[in-house]
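As structure tokens, the structure follows; a few thoughts come after it.
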Amino acid sequence: DGGITQSPKYLFRKEGQNVTLSCEQNLNHDAMYWYRQDPGQGLRLIYYSQIVNDFQKGDIAEGYSVSREKKESFPLTVTSAQKNPTAFYLCASSASGTANTGELFFGEGSRLTVL
Amino acid sequence: QQQVKQSPQSLIVQKGGISIINCAYENTAFDYFPWYQQFPGKGPALLIAIRPDVSEKKEGRFTISFNKSAKQFSLHIMDSQPGDSATYFCAAITYNTDKLIFGTGTRLQVFP
């Protein structure tokens, strides 16, 4: 089945710990994205990558880091520098460039709670 | 310039009624305007999309109306059903950026 797989679905961590969220896709998409969603708020872009070994900061990149070593994988690390990390994190992928019609394929999300 | 403004923030509609969600944008370079539907605890999914050279697109009970001169577009859900209860996001993209700009979302509740 083609799609985006995020893990874990739920994650609890103590304050001050780094956390890495996994995102894997088998859609052969060049572009991948991480969004953060807070209750009653929209989708805010954290980082995105248009090609392997390259990525750009989104609107709220502070306190987060990513890597894109493989086309299929785009892990997100929530570092201890992120002031308010409790949120619902969504990974997505899409075709890139002129093939990108705005259709993003989203994973099921990872809900991070920092205690 | 890069914002997409969406209203209302929440909407309550009786079953069988029409749900209308509005969005406005400033950047005339946007190439494509998709709408996403998100159920609680799930990721958003593409519902319907339109290009700026088309004034209306209909798919079943869902219609996008696009007004290029006013830089506005809207989603109409005809014969709204309780199963349509979800959060709806409008969005816009310029092809060469790969960066989708989302509206703030509208929480729709349809009561029987």
Side-chain angles (χ1 to χ4, degrees), chain A residues 3-7 9-10 21 23 25 27 29-51 54-61 68 74 87-112, chain B residues 1-11 21 23 25 27 29-54 57 59 64 66 73 86-109:
Chain A
I4 309 279
T5 302
Q6 286 188 243
S7 62
K9 195 170 176 68
Y10 299 96
L21 307 179
C23 178
Q25 56 104 354
L27 299 168
H29 284 157
D30 284 313
M32 296 188 75
Y33 311 79
W34 275 105
Y35 289 89
R36 170 180 172 142
Q37 188 172 30
D38 294 284
Q41 294 198 30
L43 300 161
R44 293 187 288 169
L45 183 64
I46 304 172
Y47 269 98
Y48 67 110
S49 167
Q50 293 171 285
I51 198 166
D54 189 35
F55 48 81
Q56 288 81 42
K57 291 182 180 180
D59 302 315
I60 56 164
R68 186 86 187 276
F74 192 41
F88 188 50
Y89 291 88
L90 287 159
C91 179
S93 72
S94 74
S96 183
T98 53
N100 190 344
T101 57
E103 182 171 12
L104 267 59
F105 292 81
F106 283 86
E108 295 266 289
S110 293
R111 189 167 298 281
L112 171 64
Chain B
Q1 270 270 324
Q2 285 296 312
Q3 276 187 322
V4 177
K5 295 182 181 178
Q6 183 171 350
S7 63
Q9 193 172 0
S10 64
L11 184 60
I21 303 169
C23 286
Y25 64 98
N27 186 355
F30 286 136
D31 295 304
Y32 211 65
F33 298 86
W35 284 87
Y36 282 79
Q37 180 187 54
Q38 183 183 26
F39 293 105
K42 302 291 185 184
L46 180 69
L47 182 65
I48 187 173
I50 197 167
R51 274 197 272 266
D53 54 349
V54 176
K57 184 171 181 182
E59 288 183 4
I64 301 178
F66 191 86
F73 58 111
T87 299
Y88 293 82
F89 294 95
C90 61
I93 189 170
T94 306
Y95 287 143
N96 61 359
T97 66
D98 281 331
K99 191 176 171 184
L100 198 61
I101 310 296
F102 282 96
T104 49
T106 296
R107 186 180 173 213
L108 171 65
Q109 294 173 275

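In what follows, every chain begins at residue 1, and chains take the letters A, B, ... in the order their sequences are listed.
Note: Thr97(B) leads Thr97(B), Asp31(B), Thr87(B) in heavy-atom pairs under 4.5 Å with chain A. Looking only at heavy-atom pairs under 4.5 Å with chain A, the residue among Thr104(B), Ile93(B), Leu46(B), Asp98(B) that has the most is Asp98(B). Ranked by heavy-atom pairs under 4.5 Å with chain B, the first of Asp59(A), Leu45(A), Leu104(A) is Leu104(A). Of all the listed residues (Pro34(B), Gly43(B), Pro44(B)), the one sharing the greatest number of non-hydrogen pairs under 4.5 Å with chain A is Pro44(B).
Heavy-atom distances place the side chain of Gln37(A), and not its backbone, under 4.5 Å from chain B. Neither the backbone nor the side chain of Phe33(B) comes within less than 4.5 Å of any heavy atom of chain A.
With Tyr35(A) contributing its side chain and Ala92(A) its backbone, the two residues share no donor-acceptor pair below 3.5 Å. Between the Gln6(B) side chain and the Gly105(B) main chain, a donor and an acceptor come within less than 3.5 Å of each other.
Scored by the side chain to side chain contact (heavy atoms under 4.5 Å, CB included) test, Arg51(B) finds Tyr32(B), Asp53(B), Tyr95(B) as partners (sequence neighbours excluded). By the side chain to side chain contact (heavy atoms under 4.5 Å, CB included) test, Ser110(A) pairs with Gln6(A), Leu21(A), sequence neighbours left out.
Note on ring orientation: taking the six-membered ring where Trp is involved, the planes of Phe106(A) and Tyr36(B) are perpendicular (angle over 60°, cut-offs 30° and 60°).
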